[in-house]
Protein chains: 2
Amino acid sequence: MSPSTYSISDLAGEFDVTTRSIRFYEDQKLLFPTRRGQTRIFSGPDRVRLKLILRGKRLGFSLAETRELFELWDESTTGSMKQLELLMTKIQEKKLALEQQLNDIAMLQLELDSAENRCLDAMNELNEEQTGLEQHDLALIRNAK
Amino acid sequence: MSPSTYSISDLAGEFDVTTRSIRFYEDQKLLFPTRRGQTRIFSGPDRVRLKLILRGKRLGFSLAETRELFELWDESTTGSMKQLELLMTKIQEKKLALEQQLNDIAMLQLELDSAENRCLDAMNELNEEQTGLEQHDLALIRNAK
DNA sequence: GAGGAAGTTTACGTAAACGTAAAGCATAAA
DNA sequence: TTTATGCTTTACGTTTACGTAAACTTCCTC
């Protein structure tokens with residue numbers, strides 16, 4: 001069974017980040033470990049938040065943005081009407097940004113595929129001079145993937 | 001017809017970046033404008049590269065990573081065999097990273113949808129006290145989207 | 001009880017990606 | 001001719017997200 005509390009190096013090891021980073025995230029109000037004496041004790045929810053922080057980073061989010069998302073999530077159950085409307089607006093904004101990212105990724109993927117094909121073509125040219133392989137054969141190789 | 005050369009402020013205006021940024025990108029070897037006297041003259045390919053730089057930023061790429069992608073693309077036609085193999089490796093790496101990003105985005109989208117629903121629920125609660133709307137009605141609203 | 005490993009705070013350092021003056025040329029309009 | 005506009009270089013400042021070192025406790029082991 002997975003434990004319900006974690007040391008700082010437990011988390012650092014599991015997610016391959018430095019303890020320095022984890023302490024920094026706490027300082028920035030993204031994690032809220034309790035203390036036993038001096039040493040930090042991280043909860044299950046803390047662990048989840050850390051995972052989300054790292055996912056945010058992979059998506060190019062600043063820590064401030066990620067914190068804002070956390071707050072959105074938390075306030076989504078407690079706000080006043082005025083608050084909630086603003087919340088909805090922000091959620092829509094984030095969703096739009098994600099759509100944009102999906103487009104960006106799709107285009108980049110196409111370009112990488114194109115570069116990959118170029119690369120295969122070039123390798124082909126070089127190889128053909130030595131092995132006498134035909135275009136035909138490389139088309140097979142290419143489509144095999 | 002679209003022009004084939006651009007001033008620095010043309011591009012700054014079109015893509016909503018500062019001239020400072022554009023000069024910085026040149027300094028970092030991401031753009032290569034020619035000069036007429038002192039002033040920079042940007043070509044069509046320069047304009048395309050700028051667009052790609054900004055797309056990279058939206059995806060959380062550093063300028064160094066974007067430059068690496070440019071180089072990948074350029075070298076994809078000129079390299080030696082050893083070069084080309086390394087190139088293929090890097091292309092695969094980028095493609096894997098993009099797959100990861102797609103996963104990350106999908107999960108974030110689910111969470112935003114969830115937050116959105118929470119938010120609608122909360123607004124419902126507040127509204128019901130005043131208007132007497134039923135759960136039933138809000139389900140309709142929610143599904144209408 | 002002398003390390004050694006893992007935790008802590010404090011604080012200065014750093015790389016990336018610009019922001020923000022300061023000061024100077026060029027050219028077109030008033 | 002002056003003034004405004006737009007471009008330039010040089011250079012120091014700023015924010016984010018940590019790295020890195022120093023100096024200190026705590027606990028375990030030998």
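Computed from a predicted structure; not experimentally measured. Naming: A, B, ... by sequence-line order, numbering from 1 per chain.
With a 6.0 Å radius and a threshold of 12 heavy atoms from other residues, nucleotides or ligands, A/Arg35 has its CZ atom above the threshold.
Residues A/Phe24 and A/Val17 have side chains not in contact (no heavy-atom distance under 4.5 Å, counting atoms from C-beta outward). Under the 4.5 Å side-chain criterion, counting only non-hydrogen atoms from C-beta, B/Gln109 is not in contact with A/Lys95. Between A/Leu112 and B/Leu69, some side-chain heavy-atom pair lies under the 4.5 Å cut-off. Within the 4.5 Å cutoff, side-chain heavy atoms of A/Leu31 are placed close to those of A/Ile53.
A nucleotide of DNA chain D counts as in contact with chain B when one of its atoms lies under 4.0 Å from a heavy atom; the first and last such, 5' to 3', are D/dC7 to D/dA11.
Within the structure, a side-chain polar atom (N or O) of B/Tyr25 is placed less than 4.0 Å from OP1 or OP2 of C/dC18.
Each of A/Arg23 and B/Arg20 was matched to the nucleotide of DNA chain C holding its nearest heavy atom; the match closer to the 5' end belongs to A/Arg23. Nearest-nucleotide positions on DNA chain C place B/Phe61 closer to the 5' end than the other of B/Phe61 and B/Gln38.
Atom CG of residue A/Leu96 and atom CD1 of residue A/Ile91 lie 12.5 Å apart, to the nearest 0.5 angstrom.
Comparing C/dC18, C/dA6, C/dT8 by their closest approach to the side chain of A/Ser9 singles out C/dA6.
Backbone-only contact: B/Arg35 has heavy atoms under 4.0 Å from sugar-phosphate atoms and none from a base. Within the 4.0 angstrom heavy-atom criterion, no nucleotide atom of any strand lies near A/Thr19.
To the nearest angstrom, P of C/dT9 lies 13 Å from CD1 of A/Ile22.
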